[in-house]
Amino acid sequence: MGKLFGTFGIRRIANEVLTPEMATKLALSFGTFVQGEPVVVGRDARKHSEMIYHAVMAGLLSSGCQVVDLGITATPTLQWACRQWNYWGAMVTASHNPPEWNGIKFMEKNGKGLDREHEEPVENIFFQNEFKRASWENIPQESQKKDVREDYIQAIISKVNAEAIREARFRVLLDCANGAPSLITPYLLSQLNCQVVSLNSHPDGFFPGRNPEPVPENLTDLTSLLKNSNFDLGLAQDGDGDRLIVIKKNGEFVPGDLSVSLVAKNLAEGDNPGPIVTTVATTHILKEIAKNTNREFIATAVGDLVVAKVLQEKGGIFGCEENGGMIFPDFVWGRDGARAAAQLLHIMATKGRSLEDLLDELPKYYQVKTKIKVDPEKKEKILEEIDRITAQEQSRTTIDGYKVILGDGSWVLVRPSGTEPLIRVFAESRDREKAQKLVNQYLEIINGV
Ligand code: MG
């Protein structure tokens with residue numbers, strides 16, 4: 001990984017590290033790299049996104065790039081627009097991070113996050129100040145303002161059985177995290193004839209409703225409201241709308257592993273023989289679905305960018321992550337929360353089944369997920385020990401961390417965090433006790449070092 005970019009773009013504290021000057025320099029580096037070709041730009045609803053946004057536009061214009069300005073929009077909407085027009089992209093967003101953060105995600109011309117091999121030259125231009133600026137008469141005079149939200153919504157509707165969804169008249173409680181999806185998902189669901197009640201659905205960079213990361217502890221308003229009312233399901237997004245979390249009508253949180261499996265199962269029933277692509281940290285329900293439908297199951301390193309890349313290279317039917325991220329290769333080369341919501345309703349409507357019934361039909365696996373803080377000085381030694389012990393196992397993969405798959409299909413993954421002094425231990429088994437036992441076994445090893 002380079003000095004600037006993280007797993008997807010750069011993220012820093014706004015105006016402390018990510019200043020307008022830095023944003024301009026970054027955009028100028030990107031503009032230099034793309035040699036003045038057109039760039040679609042968008043931003044999330046953060047307090048300081050507009051500041052960073054103007055800085056990004058200035059940098060792009062300075063390098064001679066024509067700028068198409070989408071204004072406040074969700075990340076997948078911008079990625080969709082890039083793919084439609086074959087334009088590069090730059091999205092000002094810090095996704096689900098707390099309000100003081102901001103960031104920039106650059107996109108390839110097909111809308112996929114910028115490839116690693118393209119990040120490197122951008123970094124080199126940035127650090128060596130090797131910018132190529134347009135001469136004054138070649139600086140584009142004005143950006144083209146475009147609002148693609150309605151086109152994007154219509155494009156999603158064209159991908160699902162809208163008639164069936166409209167007939168079902170679903171009652172949906174939707175939490176937009178006061179983020180960019182506030183401007184998209186409620187309208188999409190309304191057009192699908194859902195009875196939508198939206199929470200936190202006005203864009204507000206202070207995130208007054210909740211922390212924008214869609215994890216159970218941040219969704220208590222949504223879950224308690226669901227318990228005390230009569231909806232078919234609850235949906236929650238993150239700040240830039242690429243993630244979707246599903247909640248049952250009784251307020252019970254549906255783990256990402258299960259919501260993605262539900263969608264994967266449905267797509268795998270189709271004729272396309274392509275593989276299912278996910279990460280090593282995601283449920284093996286997907287592996288079973290792939291096996292049952294005679295297709296390949298591909299597990300990549302953790303990160304939506306890697307999943308999208310492999311999905312494209314291998315001609316996969318669906319890409320997903322354990323956090324509920326879903327990638328539909330016929331639509332956007334990245335996670336798309338709004339499309340995921342429509343797809344889920346499509347399944348419920350066309351099967352005529354409730355969310356609960358559909359989840360019950362999935363193969364039963366039990367998961368235990370934990371993380372343990374470790375002394376940073378000991379981290380290396382711990383990982384050496386995990387390496388030594390797991391190397392003795394017959395089926396081990398080291399694509400990302402150390403994953404051991406046992407003969408009965410149970411597995412355990414030990415994976416260090418790249419940014420914090422943390423080690424994550426995930427296990428999954430058909431036997432609940434065995435999953436816990438596997439996690440305990442490796443926690444003991446970690447603690448014993
Ligand atoms: Mg996000």
Side-chain angles (χ1 to χ4, degrees), residues 5-12 14 18 40-49 52-53 70 72-82 89-107 111-114 149 152 156 174-185 188 200-201 203-205 207 209-219 222 235-246 256 259-260 278-279 281-282 302-309 319-328 331-341 419:
F5 295 100
T7 47
F8 193 164
I10 77 146
R11 269 180 226 175
R12 303 285 191 278
L18 184 54
V40 190
V41 295
R43 63 185 157 98
D44 69 13
R46 279 165 196 272
K47 188 89 174 62
H48 27 73
S49 286
I52 303 294
Y53 195 58
L70 301 188
I72 297 180
T73 198
T75 298
T77 312
L78 176 125
Q79 292 179 282
W80 175 83
C82 290
M91 178 75 192
V92 175
T93 181
S95 185
H96 60 270
N97 285 63
E100 64 274 23
W101 286 79
N102 216 318
I104 306 170
K105 291 176 174 177
F106 291 114
M107 313 294 174
K112 190 159 58 66
L114 200 65
R149 283 175 296 172
Y152 167 76
I156 291 179
L174 170 72
D175 184 335
C176 301
N178 294 111
S182 308
L183 304 174
I184 292 162
T185 318
L188 165 71
N200 307 318
S201 57
D204 186 328
F207 299 112
R210 66 164 167 96
N211 177 305
E213 184 165 20
V215 289
E217 57 268 34
N218 296 334
L219 299 175
L222 179 65
L235 299 172
Q237 294 201 261
D238 72 328
D240 68 334
D242 56 354
R243 273 167 66 185
L244 181 83
I245 280 297
V246 183
S259 53
V260 302
T278 188
T279 75
T282 316
V302 171
D304 51 323
L305 226 60
V306 194
V307 175
K309 192 179 163 75
C320 56
E321 294 178 306
E322 51 99 24
N323 62 13
M326 303 192 204
I327 308 176
F328 300 87
F331 198 61
V332 168
W333 289 118
R335 300 182 302 196
D336 188 332
R339 170 75 195 271
T419 49

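As a basis for the values below, the full set of heavy atoms in this structure was taken, side chains included, without hydrogen atoms, waters or symmetry mates. The shown structure was predicted, so the numbers you read here are calculated from the model rather than taken from an experiment. Every number for a ligand or one of its atoms is a count from 1 in the order of the listing.
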Q: State, with a plain yes or no, whether a side-chain heavy atom of R11 is found less than 4.5 Å away from one of S95.
A: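 With C-beta onward as the side chain, the pair touches.
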Q. Should S49 and D44 count as side-chain neighbours, where that means a heavy-atom distance under 4.5 Å?
A.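 SC-SC contact between S49 and D44 confirmed.
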Q: Could you tell me how the ring of F331 sits relative to the ring of W80: parallel (under 30°), tilted (30 to 60°) or perpendicular (over 60°)?
A: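 Answer is tilted, since the angle falls between 30° and 60°.
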Q: State which residues pass salt bridge (charged side-chain N to carboxylate O under 4.0 Å, His left out) with R210; sequence neighbours excluded, sorted by chain then number.
A: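 Partners of R210 under the salt bridge (charged side-chain N to carboxylate O under 4.0 Å, His left out) test: D175.
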**Q.** Any side-chain donor near an acceptor of the partner, D242 and T75, under 3.5 Å
**A.**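 Absent: no donor and acceptor within the cut-off.
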Q: Quick one: pull up CG in D304 and CZ in R335 and give me the separation to the nearest 0.5 Å.
A: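 That separation rounds to 4.0 Å.
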Q) What are the protein N, O or S atoms, given as residue plus atom name, that sit under 2.8 Å from the Mg ion (ligand 1)? A)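 Metal shell, protein only: S95 OG, D238 OD2, D240 OD1, D242 OD1.
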